[in-house]
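Here the structure comes first, spelled out in structure tokens, and everything after it is commentary.
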Amino acid sequence: MMCDLETGVCGVAGEEMEMIDFHLPKKSIDLYYVTDPICSHCWALEPVLRRFIVQYGSYFNFHTVMGGLLEKWGDDPVDPANGIFGPADVAGHWREVGEHSRMPIDGSIMIDNPVQSSYPPSRVFKVIQKNHHDEVAYDYLRRAREVLFAFNQNISDKSVMIEILNNLDLDGNALVNEAEQPIGQQLLNEDFHLAKSLGVRGFPTIIMIDEENKGVKIVGSRPLESYVDGLKQVLNKEDIKPNRQPSLSKLMEKEKLLFSKEIEVMYDIEKSEVSSFIEKELSPGRYEVKGILGESYITATQSQGE
């Protein structure tokens with residue numbers, strides 16, 4: 001007799017003995033996510049990209065590449081097609097992206113205390129990548145976007161970067177100081193060269209390449225199905241099996257903060273269902289529900305990860 005883990009039903013067991021192979025299939029696909037810490041459309045993509053990585057990451061090696069969106073403000077317009085000639089023009093564009101995607105963006109930081117360059121936080125990302133691990137660097141990128149877009153802090157400011165790193169239990173002073181050395185820009189230039197060789201002209205861009213250097217390029221923030229279809233094309237498979245989504249409690253142990261839209265996308269639920277879903281999935285006292293810019297979000301309390 002046995003209890004089935006997936007169905008929860010107890011019954012007669014199957015075969016008495018079977019051969020098993022614990023060798024994981026070799027990941028033959030390289031996925032390059034070309035992005036920038038101040039890219040608003042990359043922030044809008046977060047809910048979909050997280051689910052794609054969680055459910056299909058077993059098929060590919062994930063690489064985050066810094067693209068260099070803003071070296072500095074100068075006399076030439078940064079993005080004339082979108083009417084962006086200076087920092088103040090960014091605020092309205094960001095708010096539109098936030099309203100459309102429902103990933104909150106305040107934007108007034110670009111009027112009151114504008115980010116002068118996306119290179120400082122990008123260099124910090126690269127130094128974390130070198131000294132620690134890709135996943136740690138990706139956590140930093142997420143926290144930087146949170147404080148910039150939703151909580152209106154200037155992530156090119158040294159003290160802000162240090163605080164983000166310290167909150168990740170990293171040595172903020174040491175990492176930011178190292179990023180200011182020539183090695184920081186050297187590492188960043190390597191990413192710029194890679195992005196250029198991949199033919200990237202805007203962010204976000206996701207490129208999936210197989211062992212024969214053939215693949216697909218997907219530009220802009222797209223629905224989940226676009227990335228799944230792209231992966232199928234590169235794998236030359238009509239069907240691929242997604243991993244099961246983690247429980248909300250497991251997800252919160254890692255993420256610490258999730259916006260309503262991110263929960264909706266991960267678990268295929270409507271906005272009106274989020275509150276009851278959270279109550280069902282998380283123990284009282286282990287989370288707080290807050291609101292910002294018309295959207296709700298949850299944060300883990302101190303006991304969440306214990």
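Positions are given from 1 along the sequence.
Rounded to the nearest 0.5 angstrom, M161 CE and N154 CG are separated by 9.0 Å. The line from CD of E146 to CD of E46 is 8.0 Å long, rounded to the nearest 0.5 Å. The CD1 atom of I278 lies 6.5 Å from the OH atom of Y287; values are rounded to the nearest 0.5 Å. Put simply, CG on L257 and CD1 on I298 are 8.0 Å apart, with the number rounded to the nearest 0.5 Å. Within the model, atoms CD1 of I155 and CD of E163 stand 13.5 Å from one another, a figure rounded to the nearest 0.5 Å. Annotation: the span from L248 atom CG to L258 atom CG amounts to 7.0 Å, rounded to 0.5 Å.
Under a 4.0 Å N-O distance rule, the pair E255/R50 qualifies as a salt bridge. One finds a salt bridge joining K130 and E178 here, because a Lys/Arg side-chain nitrogen approaches an Asp/Glu carboxylate oxygen to under 4.0 Å. With respect to the salt-bridge test (charged N to carboxylate O, under 4.0 angstrom), the residues R51 and E262 do not qualify. R102 and E295 are joined by a salt bridge, as a carboxylate oxygen and a charged side-chain nitrogen come within less than 4.0 angstrom of each other. The existence of a salt bridge linking D139 and K254 is confirmed by a sub-4.0 Å separation between a basic side-chain nitrogen and an acidic carboxylate oxygen. Taking the charged nitrogens against the carboxylate oxygens, R95 and E99 have no contact shorter than 4.0 Å, which rules out a salt bridge.
Side-chain contact between V48 and S221 is absent, with no heavy atoms from C-beta onward closer than 4.5 Å. Between S40 and I105, some side-chain heavy-atom pair lies under the 4.5 Å cut-off. Side-chain atoms of V147 and I164, non-hydrogen and from C-beta on, do get closer than 4.5 Å to each other. Contact of the R145 side chain with the C42 side chain is registered, since non-hydrogen atoms from C-beta on lie closer than 4.5 Å. The side-chain heavy atoms of L148 and P37, taken from C-beta on, include no pair separated by under 4.5 Å. At a threshold of 4.5 Å between non-hydrogen side-chain atoms, the residues D157 and V115 do not count as touching. Between T205 and I218 the shortest side-chain heavy-atom distance does not fall below 4.5 Å. Two residues are said to be in side-chain contact when any heavy atoms from C-beta on lie closer than 4.5 Å; Y119 and Q185 meet this criterion.
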Practice task
Given ring pair (Phe, Tyr, Trp, His ring centres under 6.0 Å), test F151 with Y297 step by step and report yes or no.
Solution key: CA-CA 12 Å; F151 302 108; Y297 66 96; 5.8 Å; yes

Problem - Intermediate values then yes/no, side-chain contact (heavy atoms from CB on, under 4.5 Å), R143 and N167 - result: CA-CA 9 Å; R143 303 292 169 252; N167 288 337; over 6 Å; no

Exercise for the section: Go through the steps to decide whether V124 and L165 satisfy the test side-chain contact (heavy atoms from CB on, under 4.5 Å), and finish with yes or no. Expected result: CA-CA 9 Å; V124 170; L165 293 165; 3.9 Å; yes

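With hydrogens and angles left out, the side-chain atoms of E253 and S249 include no donor and acceptor closer than 3.5 Å. One side chain, N152 or S108, offers a donor N or O that lies under 3.5 Å from an acceptor on the other. A donor-acceptor contact under 3.5 angstrom links the side chains of K158 and N177, judged on distance only. D134 and H63 share no donor-acceptor pair across their side chains, judged by distance under 3.5 Å alone.
Judged purely by atom type and a 3.5 angstrom limit, S122 uses its side chain to pair as donor or acceptor with the backbone of S118. Between the side chain of Y59 and the main chain of K241, a donor-acceptor pair closer than 3.5 Å is present. Looking only at distances, no side-chain donor or acceptor of Y33 sits under 3.5 Å from a matching main-chain atom of P204. A donor-acceptor pair under 3.5 Å is absent between the side-chain atoms of N113 and the main chain of I109, judged by distance alone. Of the possible polar contacts, none joining the Q55 side chain to the P242 backbone as a donor-acceptor pair under 3.5 Å is found. Remark: side-chain polar atoms of S247 are paired, donor with acceptor, to backbone N or O of K250 under 3.5 angstrom. In terms of modelled atom types and a separation under 3.5 Å, the side chain of N61 and the main chain of D30 share no donor-acceptor contact. In this structure a side-chain-to-backbone donor-acceptor pair under 3.5 Å is present from T301 to R286.
Under the 4.5 Å side-chain heavy-atom criterion for Ile, Leu, Val, Met, Phe, Trp and Tyr, L224 and L31 are members of the same hydrophobic cluster. Cluster annotation: I111 is not connected to V160 through the hydrophobic network of ILVMFWY side chains, with a link wherever side-chain heavy atoms come within less than 4.5 Å. Linking ILVMFWY side-chain heavy atoms closer than 4.5 Å, directly or via other members, places V219 and I209 in two distinct hydrophobic clusters.
M66 pairs in a side-chain contact (heavy atoms from CB on, under 4.5 Å) with only one of the listed residues (N189, L141, L187, L194), which is L141.
Remark: aromatic rings of H41 and H93 are close, center separation under 6.0 Å. The aromatic ring centroids of F125 and Y140 lie 6.0 Å or more from each other. Two rings, from Y32 and F203, have their centers 6.0 Å or more apart.
Between F192 and G67, the closest heavy-atom pair is CE2-C, 3.6 Å. Between I29 and L235 the shortest heavy-atom distance is CG1-CD2, 3.6 Å. Considering all non-hydrogen atoms of both residues, R123 and A179 come closest at CD-O, 3.5 Å. Of all heavy-atom pairs between G172 and N166, the closest is N-OD1, 3.0 Å. Shortest non-hydrogen contact noted between S117 and L70 is OG-O, 3.2 Å. Considering every non-hydrogen atom in both P246 and V54, the closest pair reads CD-CG1, 3.4 Å.
Qualifying ring-ring contact (aromatic ring centres under 6.0 Å, His included) partners for F60, counting only residues two or more places apart in sequence or in other chains: F52. Not counting sequence neighbours, the partners of F149 by the ring-ring contact (aromatic ring centres under 6.0 Å, His included) test are W43, W94.
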